[in-house]
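Convention: sequence-line order gives letters A, B, ...; per-chain numbering from 1.
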Number of protein chains: 2
Amino acid sequence: MGVTIHDVARAAGVSVASASRALSGRRKVTPEIAERVARAAAELGYQPNAVAKALRDQTTGTIGMVVPGIGNPFFTTIVEAVERELQNSGTDLLLCASQYSPQVEARRLGTLLARRVDGLIISPCDIEASVPAVLDAARRVPLVQLDRYIEGGGADWVGVDDEAGLALAVDHVIAGGARSVVFAGSRLVSSSARLRLSGFERTAARAGVEVLPPLLGEFTLEWGVEAGRRLLDAGRLPDAVVCANDEIAVGLVRSLRFGGVRVPEDVAVVGFDDVGHATMCDPPLSTVRQPVEEMAAEAVRLLGQVKAGDPRPAQRIAIAPRLVVRQTSRPVAAGVAE
Amino acid sequence: MGVTIHDVARAAGVSVASASRALSGRRKVTPEIAERVARAAAELGYQPNAVAKALRDQTTGTIGMVVPGIGNPFFTTIVEAVERELQNSGTDLLLCASQYSPQVEARRLGTLLARRVDGLIISPCDIEASVPAVLDAARRVPLVQLDRYIEGGGADWVGVDDEAGLALAVDHVIAGGARSVVFAGSRLVSSSARLRLSGFERTAARAGVEVLPPLLGEFTLEWGVEAGRRLLDAGRLPDAVVCANDEIAVGLVRSLRFGGVRVPEDVAVVGFDDVGHATMCDPPLSTVRQPVEEMAAEAVRLLGQVKAGDPRPAQRIAIAPRLVVRQTSRPVAAGVAE
DNA sequence: ATCGGTTGGGTAATCGATTACCCGAGTTTC
DNA sequence: GAAACTCGGGTAATCGATTACCCAACCGAT
């Protein structure tokens, strides 16, 4: 590397100030100088040093994003949506994975802050253990939580309305005739895990159907398979299984069918997210679609408004999801068939 | 933000030099000063500015990684492997997706270079269109290509031995009794796509089996489904289909079974990669496992050795893959059963 | 008592881009 | 014709951390 604006200025026979002005166009220079500087820069292959610019401007043109893991298609989808949203704003995304570990997450936040990102979008991996690192970061730079959030408020949040989503799913299977239901989800370490379970329980209770004890593991296909196995082993099957995400649902359907259970005839299954392979599932999965694009857009918009350490009360923006009925549940008038 | 080392020095009643020395430990200071500086830093919540440090040191402690897309589980797997490899080296990964577009890729490379990454790992999206941007980047910083590479050499590369992998797959299905074979892969825009096809063709020709015209589309599940449909429509089925990756294979198996074809009894199917859902496929997919961990380790090691614009001839490191026989092909003595 | 040597602290240069500030030349206005 | 402006170029300060360089104090040895 190493061609600086001083080199360009010298080659063009002008001062660095003129070179800078010619290149940035932030103040007028004579056409003659503009021309000479442009030529010199091109010949030398000059590329401005973003590090120096960041130091001088006190702004890096980057925002950091921390998600639990990029192996989960939901997070890659939302990362892609945020990237698209940022596309033309001239800011770059620094993506980090916390690997579902609050320690790693805190370390990642630390290096992003050290690198002086202009803002942070984070999906905290643990509703409790993530609290200190997230609040500390929010005190230093604008921060918005996306999808998952930490308990106790204190930082803005954008996400899907989990409870409404679960209500959609539960009401749908009940409308399809289910009299006994079970929830297959994740252990309650994240806000999503908790809200989806409570949404499920509340709606089921209100409807007065029988509720079997929930199956709580991880947001993975493997856990879905295992959960299906447990249902088969338990001897008695519910009429419907509502899952906390599509991966669990896909694994569960596979497991159930392997055990000779027909889906949706014997048991209806509904997922959550509608990203990745829900449409490619066999049979195609009925699920609740997260409004990923809107969530990303809203998160970016909100990030532009929040100020670091703002004492204003934290906002929570919950966007309504949509039920997508495919073939793992009995179709009813409600919902969108695809 | 805004607490600098000057603030710390002032609070501790020492010079910035002493503060810097106390904090970095790179030169001795009296215990008394060390103590005062440590206390002041803690009280003020001092966090060193990595931007300033990078400018002064002429090194950012970051390496950039550019992959075609993070929606593809193969790339997320390899990104995770590289991250693990870098974990304890103190360097951070700046991850970018080119979205399979050479233009986006060139722009991403440009901003990574402007941010003065210390090195680059890239999987160029297009074997031809990616050439200028990759060579230009290689002239400026240490660069290694991982998985895909550009034509004409000029930059180091680490990846799987694609031809050997395809030879494994083809020999395996032939050993299982296949007399006619077909390749389902991607259009020939990447080195992987080309090498896998040529590896397939060479091995099949050597074995003297009948080779149907290849089906070339994309590295996606959707294309696998479509490829399966085309095979069904063609009326005559081959004894085996060898796929360029697992996603194609999974889609193809689904499509074939939907059409009433038994796998592996009627048609054997073999994938490539062995990441993501190959084990969760129904039935579990026979495939060729890419040595992702070794590839990542080797790429990072090599990156530490290359110098920018080094005139030394480019290295190509091809790591041998391994056949993993599951249930979409007839088992034979060769290979590892799981 | 003086001298070479060591130890540890402070001052200021450095990295590269931007821009506040200054200055000279040219133009306008009464 | 002089005052008041405008225009555009150059000099140097600035961002924050590190460190080359200098200097004072103190050591032991002669």
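Taking a cutoff of 4.0 Å between a charged side-chain nitrogen and a carboxylate oxygen, B/Arg39 and B/Glu43 do not qualify as a salt bridge.
Residue A/Arg26 is in sugar-phosphate contact alone, with no base atom involved, counting any heavy-atom pair closer than 4.0 Å across all strands shown.
Between A/Ile317 atom CD1 and A/Met295 atom CE the span is 11.5 Å, to the nearest 0.5 Å. The CZ atom of A/Arg21 sits 6.5 Å away from the OG atom of A/Ser15 when rounded to the nearest 0.5 Å. Rounding to the nearest 0.5 Å gives a distance of 12.0 Å between OG of B/Ser123 and OH of B/Tyr149. In this structure, CG on A/Leu112 lies 11.5 Å from CG on A/Asp118, to the nearest 0.5 angstrom. Rounding to the nearest 0.5 Å gives a distance of 8.0 Å between OG1 of A/Thr91 and CG of A/Leu93.
Among residue pairs with one or both ends in residues 102-114 of chain A, those qualifying as salt bridge (Lys or Arg N to Asp or Glu O under 4.0 Å) are A/Arg108-B/Glu83; sequence neighbours excluded. Listed by first and then second residue, the side-chain hydrogen bond (donor to acceptor under 3.5 Å, both in side chains) pairs involving residues 291-300 of chain B are B/Arg84-B/Glu293, B/Glu298-B/Arg301 (not counting sequence neighbours).
Remark: B/Ser18 is in phosphate contact with C/dG10, judged by side-chain N or O atoms under 4.0 Å from OP1 or OP2.
Among the candidates B/Arg316, B/Arg312, B/Lys307, the single residue satisfying the salt bridge (charged side-chain N to carboxylate O under 4.0 Å, His left out) test with B/Asp156 is B/Arg312.
At distances below 3.5 Å, at least one donor-acceptor pair connects side-chain atoms of A/Ser24 with backbone N or O atoms of A/Ser20. A distance-only check finds no donor-acceptor pair linking the side chain of B/Arg148 to the backbone of B/Ser190 [under 3.5 Å].
The nearest whole Å value for the distance from the CD atom in A/Glu35 to the P atom in D/dG9 is 14 Å. Distance CZ (B/Arg21) to C1' (D/dC21): 10 Å, rounded to an integer number of Å.
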Please list each protein N or O that sits under 3.5 Å from an N or O in nucleotides 15-17 of chain C, with the distance.
from   : atom 1 : to      : atom 2 : distance (Å)
C/dC15 : O3'    : B/Gln58 : NE2    : 3.0
C/dC15 : O2     : B/Arg56 : N      : 3.4
C/dG16 : OP1    : B/Gln58 : NE2    : 3.1
C/dG16 : N2     : A/Ala52 : O      : 3.4
C/dA17 : OP1    : A/Tyr46 : OH     : 2.8
C/dA17 : OP1    : A/Asn49 : N      : 3.3
C/dA17 : OP2    : A/Ile5  : N      : 2.4

What nitrogen or oxygen pairs link the protein and nucleotides 24-28 of chain D at under 3.5 Å?
none

Pairwise N/O distances under 3.5 Å, protein to nucleotides 6-8 of chain C:
from  : atom 1 : to      : atom 2 : distance (Å)
C/dG8 : N7     : B/Arg27 : NH2    : 3.4

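Of the two residues contacting DNA chain C, namely B/Ser15 and A/Leu23, the nearest-nucleotide position lying further toward the 5' end is that of B/Ser15.
For the residue pair B/Thr62 and B/Asp92, no side-chain donor N or O sits within less than 3.5 Å of a side-chain acceptor on the partner.
Five base pairs at each end of the helix from C/dA1-D/dT30 to C/dC30-D/dG1 define two local axes, and these are offset by 60° (rounded to 10°).
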Inset, instruction - Starting from the C-alpha separation in whole Å, work towards a yes-or-no answer on side-chain contact (heavy atoms from CB on, under 4.5 Å) for B/Leu146 and B/Ile78. - result: CA-CA 9 Å; B/Leu146 184 53; B/Ile78 203 150; 3.9 Å; yes

